[in-house]
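Structure record follows, encoded as structure tokens.
Here is how names work: the chains are called A, B, and so on, in the same order as the sequence lines, proteins then strands, and each is numbered from 1.
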Number of protein chains: 2
Amino acid sequence: MRAYRHPASGEIELTRVLYALSDPVRLDVARQLHRDGEATCAALDRGRPKSSMSHHFRVLREAGVVRTRIEGATHVNSLRRDDLDALFPGLLDVVLRERQRV
Amino acid sequence: MRAYRHPASGEIELTRVLYALSDPVRLDVARQLHRDGEATCAALDRGRPKSSMSHHFRVLREAGVVRTRIEGATHVNSLRRDDLDALFPGLLDVVLRERQRV
DNA sequence: ACGGTTGTTCGATAACTACCGAACTGGCAC
DNA sequence: GTGCCAGTTCGGTAGTTATCGAACAACCGT
């Protein structure tokens, strides 16, 4: 598979980011990426079907929350920390805090 | 009309807040409330139909973003700044900043 | 080339959401 | 009470989204 299209930093829209993070599954993915740095799709599925997770990763990716790098047969995801912190300083800090009700 | 049911501070869920703010119309409402302190529904409609605005206010209210106080025939809305700042410190600060793309 | 693994795409369904006109409710002033 | 005003609720429609199985594509090791 060829590399994904990711939105450039200047194309990232706040409402899309908020929407992407407003789903418990996707918020959980973001938090795990925050904890673990990066992870493959399979490492984050929590038993959910692959097709469902693929959908959620697409939403996160197209919103600009996550970057997916292809490494052989696996897709390695990471948070776009730098871009998001620059655009929306403090947003990830509060959203990714564990221990708070989702 | 009788007073609305608002979620208690402890019932406010992050994902619902994010969802409520992920709509450009509702985000705009929140920003105007931030600027103006409080406002009636009619003052925030920007020409949209009343029934549409009523829907958006309901989403904001049930997510815990807005509190609606009934004052005679008008409904006065205000941001739940204190509750949201306590629960999700920094969230409103970044989301309500004008000048950034929605 | 084959088999196993990783993840995407397709297709279908169910649930939800936005939108708006029309009818309605409650408050206020006269 | 009559009329007006502020908002809500209802009903319907159109568009979106979540979900998941099944089929598919790409990569890797043997």
Side-chain angles (χ1 to χ4, degrees), chain A residues 1-7 13-30 32-33 36 38-78 102, chain B residues 1-7 13-30 32-33 36 38-78 102:
Chain A
M1 188 180 203
R2 281 238 301 303
Y4 291 100
R5 224 202 117 262
H6 293 83
E13 294 174 8
L14 176 57
T15 48
R16 280 188 87 157
V17 172
L18 296 178
Y19 180 78
L21 294 172
S22 73
D23 180 282
V25 175
R26 292 191 292 261
L27 180 57
D28 193 56
V29 166
Q32 284 192 244
L33 288 176
D36 303 346
E38 46 182 32
T40 63
C41 298
L44 299 173
D45 64 5
R46 303 246 181 148
R48 273 172 249 271
K50 295 189 296 180
S51 55
S52 299
M53 293 312 293
S54 186
H55 160 68
H56 287 304
F57 276 110
R58 187 152 81 101
V59 174
L60 287 167
R61 197 162 47 231
E62 295 183 348
V65 177
V66 154
R67 191 179 297 279
T68 308
R69 166 171 49 91
I70 300 186
E71 196 140 304
T74 72
H75 297 197
V76 182
N77 302 282
S78 56
V102 294
Chain B
M1 189 185 203
R2 281 238 302 301
Y4 291 99
R5 223 203 118 262
H6 293 82
E13 294 174 7
L14 176 57
T15 48
R16 280 188 87 156
V17 172
L18 296 178
Y19 180 78
L21 294 172
S22 73
D23 181 282
V25 175
R26 293 193 291 260
L27 180 57
D28 194 55
V29 166
Q32 284 192 242
L33 289 176
D36 304 347
E38 46 182 32
T40 63
C41 297
L44 300 175
D45 64 6
R46 304 248 181 144
R48 273 172 250 270
K50 295 190 295 180
S51 53
S52 298
M53 293 311 292
S54 187
H55 161 68
H56 287 304
F57 276 110
R58 188 151 81 101
V59 174
L60 287 167
R61 197 163 48 231
E62 295 183 348
V65 176
V66 155
R67 190 178 300 278
T68 308
R69 166 171 48 91
I70 301 185
E71 196 139 303
T74 71
H75 297 197
V76 183
N77 302 282
S78 56
V102 295

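- Taking side-chain N and O atoms only, B/R61 has no distance below 4.0 Å to OP1 or OP2 of D/dG7.
- For the pair B/R26 CZ and C/dT17 P, the computed distance is 9 Å after rounding to whole Å.
- The nearest heavy atom of DNA chain C to B/H56 and to B/A73 marks one nucleotide each, and the one closer to the 5' end goes with B/H56.
- For A/Y19 and A/R48, each mapped to the nucleotide of DNA chain D holding its nearest heavy atom, the one lying further toward the 5' end belongs to A/Y19.
- At a threshold of 4.0 angstrom between heavy atoms, the contacts of A/R69 with the nucleic acid are absent.
- Atom CZ in B/R5 sits about 16 Å away from atom P in D/dT8, given to the nearest Å.
- Regarding B/E71, its CD atom lies at a distance of 12 Å from the C1' atom of C/dG27, rounded to whole Å.
- Remark: the backbone N or O of B/E38 is not paired with any side-chain donor or acceptor of B/D36 at under 3.5 angstrom.
- The closest donor-acceptor contact from the side chain of A/S54 to the backbone of A/S51 lies at 3.5 Å or more, if one exists at all.
- The aromatic rings of B/H75 and B/Y4 lie perpendicular to each other, with more than 60° between the two planes, well past the 30° mark.
- Within the 3.5 Å criterion, the main-chain N or O of A/A20 finds a donor-acceptor partner in the side chain of A/R26.
- Within the 4.0 angstrom heavy-atom criterion, base atoms lie near A/S54.
- Note: CG (A/L60) to P (D/dA18) measures 10 Å, nearest angstrom.
- The phosphate of D/dG7 has OP1 or OP2 within less than 4.0 Å of a side-chain N or O from B/T40.
- For B/Y4, no side-chain nitrogen or oxygen approaches OP1 or OP2 of D/dG7 to under 4.0 Å.
- In this structure, B/H55 places its NE2 atom 3 Å from P of C/dA18, rounding to the nearest Å.
- Taking atom NZ on A/K50 and atom C1' on C/dC10, their separation rounds to 14 Å, with Å as the unit.
- Residue B/S52 places at least one side-chain N or O closer than 4.0 Å to OP1 or OP2 of C/dC20.
- Between B/F57 atom CZ and D/dA6 atom P the separation is 14 Å, expressed in whole Å.
- Here B/T74 lies in heavy-atom contact (under 4.0 Å) with sugar-phosphate atoms only.
- At least one side-chain heavy atom of B/H56 sits less than 4.5 Å from a side-chain heavy atom of B/D23.
- Rounded to whole angstrom, the span from the CZ atom of B/R46 across to the C1' atom of C/dC19 amounts to 18 Å.
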